[in-house]
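Since the structure comes first, as structure tokens, the remarks are kept for the end.
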Amino acid sequence: MAASGVLRQTVSLPVPTVRRVKALARTRAQSTSRVLAELVEAGLSQQERQRQEFMAQVECYRQATDPVEVKRLGDELGRRLFGH
């Protein structure tokens with residue numbers, strides 16, 4: 001890692017994604033690199049929030065004792081995992 005805490009990374013993106021990033025950068029008057037970094041950070045944060053929510057839901061399921069609640073929570077976990 002560089003002294004400034006920034007590391008240069010090359011990535012390949014689909015053309016439509018690049019166009020959207022460039023348009024967003026123009027709208028925000030920022031560089032495409034800055035916009036990409038912010039989008040990646042936002043995506044990583046969202047993914048971590050979803051993981052924490054899932055783990056909280058799993059814990060509720062594990063602690064549930066009412067059969068109706070166990071079924072409801074199990075169904076929710078199934079939909080979350082398998083999209084049904």
Inset, instruction - Compare every heavy atom of V21 with every heavy atom of L39, then report the nearest pair and how far apart it is. - result: CD1-CG2, 4.1 Å

Legend entry - Nearest heavy atoms of A25 and V35, plus distance in Å: CA-CG2, 3.6 Å

Inset, instruction - Can you sort out the partners of E69 under side chain to side chain contact (heavy atoms under 4.5 Å, CB included), two or more places apart, ordered by chain and number? - result: A64, D66, R72, L73

Inset, instruction - Give a yes or no on whether Q47 atom CD has more than 12 heavy-atom contacts from other residues, nucleotides or ligands under 6.0 Å away. - result: no

Inset, instruction - Under the side chain to side chain contact (heavy atoms under 4.5 Å, CB included) rule, collect the residues that match up with V40, sequence neighbours excluded. - result: L44

Inset, instruction - Find the distance between CD (Q9) and OG (S33) and round it off to the nearest 0.5 Å. - result: 12.0 Å

Legend entry - Pairing residues for Q63 by the side chain to side chain contact (heavy atoms under 4.5 Å, CB included) criterion, not counting sequence neighbours: E59

Inset, instruction - Treat each ILVMFWY residue as a node, draw an edge where side-chain heavy atoms are under 4.5 Å apart, and state whether V68 and Y61 are in one component. - result: no

Inset, instruction - Find out if a path of hydrophobic residues (ILVMFWY) with successive side-chain heavy-atom gaps under 4.5 Å connects V58 to F82. - result: yes

Legend entry - Test applied, side chain to side chain donor-acceptor pair (under 3.5 Å); reference residue, E48; option that passes from R51, Q50, Q46: R51

Inset, instruction - Determine, using the 4.5 Å side-chain heavy-atom cutoff (strictly less than), whether L24 and V15 are members of one ILVMFWY cluster. - result: no

Legend entry - E53 and R49 ion-paired at < 4.0 Å: no

Inset, instruction - Determine, stepwise, if the pair R28 / R34 fulfils side-chain contact (heavy atoms from CB on, under 4.5 Å). - result: CA-CA 10 Å; R28 293 182 181 181; R34 180 73 245 148; over 6 Å; no

Inset, instruction - Test salt bridge (charged side-chain N to carboxylate O under 4.0 Å, His left out) on D75 and K71 and set out the steps. - result: CA-CA 6 Å; D75 289 346; K71 169 105 173 75; 2.9 Å; yes

